[in-house]
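Contents: one structure, followed by commentary.
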Number of protein chains: 2
Amino acid sequence: MESLNLDRHSVVPLYFQIQQHLLQDIRSGRLKAGKPLPSEEVISKRLRVSRMTARQALKSLCSLGVAYSQRGKGTFVSEIKLEKNFRQVQSFTEEMEARGSRPHSKLISSEVVPVGEEAALALRLPPEEKVIRIRRVRVADALPMGVETTCLPQPLCPDLLDKFDPRTSLYRTLSQGYGIHIVQADEVVEAGLANSEEARLLGISKGSPVFLFTRTSYVQGGQAVEYVKSTFRGDRYKITNRLGQSGNDNSSGGGM
Amino acid sequence: MESLNLDRHSVVPLYFQIQQHLLQDIRSGRLKAGKPLPSEEVISKRLRVSRMTARQALKSLCSLGVAYSQRGKGTFVSEIKLEKNFRQVQSFTEEMEARGSRPHSKLISSEVVPVGEEAALALRLPPEEKVIRIRRVRVADALPMGVETTCLPQPLCPDLLDKFDPRTSLYRTLSQGYGIHIVQADEVVEAGLANSEEARLLGISKGSPVFLFTRTSYVQGGQAVEYVKSTFRGDRYKITNRLGQSGNDNSSGGGM
DNA sequence: GAGTGGTCTAGACCACTTT
DNA sequence: AAGTGGTCTAGACCACTCG
């Protein structure tokens, strides 16, 4: 903390530089769970930033879930470790890599088809529009985890099926090949039962418990670019979530 | 918005009064999904508050998940209707009331029992400790939604079973009767099948899809005070979640 | 009383989007 | 060019916690 040199002309906001530095102190164990972080006042004076900026750095740590504030007492390092995040947009590939698993995928089908009613609504496309539909079995460490059907508006990435190796990360291809960066998504989770096809593909019995995910993903600016329905094994998949206190301001994050 | 009279001497923060007023406009439909909220500038001038205060009101709506901001464009009403929040610590009662449903509960059993292995681990109790165990069927608008088993360390609230009406909110009793304010929780969600007892209590068939929730709740400071396992109907319960990009600042929330 | 976070002000400059 | 949100400053008063 004493050794932090802020770059006042960087495009990186000051509060973010401070947040990152504190995060490193926490990860490295220099700041231990339950111990107080430097107060707003201290950060403000030591780094010669306004108190509001120091405050923003601390609050951003609170919304990450790695710290919590107590009025009149201070801001403390959170007891719980999880930094992985049910709140972060992540592809299956990113998620599994973050957990230390080796992800890959088996292609079931990939084709250009008319957008269905459901996907048209989610993607806000006219009903005559075409979408690229990719169905894959998602695999982690050689174990089948789920079946996923992705729909993308065809005009957005017309030659995707030529460029994309379906065993790899779709999000990476979209980002690197088309400049499409997914920054937000809405996800609905339901509990259901595997149908015969899903059971066969996943190597489980028909009627086994599964999670049903429905996700609509957006780029900066709010345009919907992806509609995904997936079925994941209930015996191999868990969602974990960190809940924070009530709702005027920040909150925190969990993982799986 | 024009008619809003701020009480500048209230203990209720200005930004919170503004937030509540905007929330009403959204709920009532005066502000529709996808439409812009008043800008920071406009709120600031119209209500004669500083821009930072107007901004805080808008950002608090974003972290509730009912709005989202776009740099250079504005702040818009979120498409998602449900304001309830998968990120907020909320009791079943609070959750249902926020959705406009009438919650109540049917008591199955309440007793003082030795803490089990699982709960001992979660609550960090020695294995010989006793816990108060309360089993209830959770009901919303006369429809059974789930079965819930709550364990609380007995020393924390020794006379709870005398004081607590199990048809009401446990969180409110803990807060008002014992000064126990739950501010954080870790929750695990799994997909499963109803067993015979659950099926009977919930009026569904054995083997129907259900959500299994396991929650450990904490007070300020990190002490675990509650361990809950619950089974909720897959046909009546959904989780919705808004995922944001990585983690500098605020994010938003979904519901069910 | 000293230290802390919570709220608030009245400005400022910037990057971005739209017209 | 005008409007928007994102960041930042340098103050201020308050309520709360703790010694």
Side-chain angles (χ1 to χ4, degrees), chain A residues 6-20 22 35-63 67-77 181 183-184 219-223 245-250, chain B residues 6-20 22 35-63 67-77 179 181 183 219-221 244-245 247-252:
Chain A
L6 293 180
D7 180 352
R8 301 190 111 85
H9 303 95
S10 165
V11 290
V12 179
L14 285 178
Y15 83 87
F16 191 75
Q17 295 181 44
I18 300 169
Q19 187 236 65
Q20 288 297 303
L22 291 170
K35 298 299 176 192
L37 290 157
S39 73
E40 298 175 356
E41 187 72 16
V42 165
I43 294 176
S44 167
K45 292 218 163 115
R46 282 229 273 261
L47 301 182
R48 285 175 304 177
V49 296
S50 79
R51 199 192 125 195
M52 286 302 279
T53 301
R55 179 177 173 75
Q56 195 175 2
L58 289 173
K59 291 199 71 165
S60 69
L61 289 173
C62 294
S63 45
Y68 58 94
S69 291
Q70 288 182 243
R71 188 201 195 88
K73 294 181 75 176
T75 303
F76 303 85
V77 180
H181 308 288
V183 299
Q184 196 168 76
V219 293
Q220 195 72 267
Q223 200 199 338
Q245 54 266 68
S246 64
N248 13 4
D249 209 354
N250 297 352
Chain B
L6 292 180
D7 180 352
R8 302 189 110 85
H9 304 95
S10 164
V11 290
V12 179
L14 285 178
Y15 83 88
F16 192 76
Q17 294 181 44
I18 300 170
Q19 187 237 64
Q20 288 297 304
L22 291 170
K35 297 299 175 191
L37 290 157
S39 72
E40 298 175 355
E41 187 71 15
V42 166
I43 294 176
S44 167
K45 293 219 162 115
R46 282 228 273 259
L47 301 182
R48 285 175 304 177
V49 296
S50 79
R51 201 193 124 195
M52 287 301 280
T53 301
R55 180 177 172 74
Q56 194 175 1
L58 288 173
K59 291 198 73 164
S60 70
L61 289 173
C62 293
S63 44
Y68 58 95
S69 291
Q70 291 182 241
R71 188 201 196 89
K73 293 180 74 176
T75 302
F76 304 86
V77 179
H181 307 289
V183 298
V219 293
Q220 198 73 272
Q245 54 267 63
N248 11 4
D249 205 351
N250 294 357
S251 24
S252 5

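Naming convention: chains lettered A, B, ... in sequence-line order (proteins, then strands); numbering from 1 in each chain. Any value given below was found using the heavy atoms of this structure, including those in side chains, with hydrogens, waters and symmetry copies removed.
- The NZ-P distance, from A:Lys59 to D:dT7, rounds to 14 Å in whole Å.
- With rounding to whole Å, A:Lys45 atom NZ is found 13 Å from C:dG5 atom P.
- Nearer the 5' end of DNA chain D, as judged by each residue's closest nucleotide, is the contact made by B:Glu41, out of B:Glu41 and A:Val12.
- Atom-to-atom, CD of B:Gln70 to P of D:dG5 comes out at 10 Å; the value is rounded to the nearest Å.
- Proximity of B:Thr75 to the phosphate of D:dG5: a side-chain N or O atom is located under 4.0 Å from OP1 or OP2.
- Rounded to whole Å, atom P of C:dG5 lies 12 Å from atom CG of A:Leu61.
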Contact string for nucleotides 11-19 of chain D, one letter per nucleotide 5' to 3', B = base within protein heavy-atom range under 4.0 Å, S = sugar-phosphate only, - = neither, reads -B--SBSS-
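- When all heavy atoms are compared, the tightest approach of B:Ala57 to B:Tyr15 is CB-O, 3.5 Å.
- Listed nucleotides: C:dT9, D:dT9, C:dT7. Nearest to the side chain of B:Pro13: C:dT7.
- Each of D:dT4, C:dT9, C:dT4 was ranked by its minimum atom distance to the side chain of A:Ser39; first place goes to C:dT4.
- In terms of heavy-atom proximity, B:Val42 sits nearest to B:Pro38 at CG1-CB, 4.1 Å.
- Distance alone, capped at 3.5 Å, is enough to place a donor-acceptor pair between the B:Gln17 side chain and the B:Asp7 backbone.
- If you check C:dG6, D:dC8, D:dG6 against the side chain of B:Ser69, the one that comes closest is D:dG6.
- Distances shorter than 4.0 Å separate some side-chain N or O of B:Arg8 from OP1 or OP2 on C:dT9.
- Distance, A:Leu47 CG to D:dC8 P: 12 Å, rounded to whole Å.
- In terms of position along DNA chain D, the nucleotide closest to B:Leu58 lies nearer the 5' end than the nucleotide closest to the other residue of the pair B:Leu58 and A:Leu14.
- Put simply, the side chain of B:Ser44 gets close to the backbone of B:Val49: a donor and an acceptor are under 3.5 Å apart.
- In this structure, CG on A:Leu58 lies 4.0 Å from CD1 on A:Ile43, to the nearest 0.5 angstrom.
- Atom CD1 of A:Ile18 is separated from atom P of D:dC8 by 8 Å (rounded to the nearest Å).
- In this structure, B:Gln56 places its CD atom 15 Å from P of D:dT7, rounding to the nearest Å.
- Atom CD1 in B:Ile43 sits about 15 Å away from atom C1' in D:dG3, given to the nearest Å.
- Phosphate contact (OP1/OP2 of C:dC8, side-chain N/O of B:Tyr15, threshold under 4.0 Å): absent.
- Atoms SG and CD, on A:Cys62 and A:Gln19 in that order, are 10.5 Å from each other to the nearest 0.5 Å.
- Residue contacts shown for A:Val49 are limited to sugar-phosphate atoms, with no base heavy atom under 4.0 Å away.
- For the 3.5 Å distance criterion, the side chains of A:Thr53 and A:Ser50 qualify, holding a donor opposite an acceptor.
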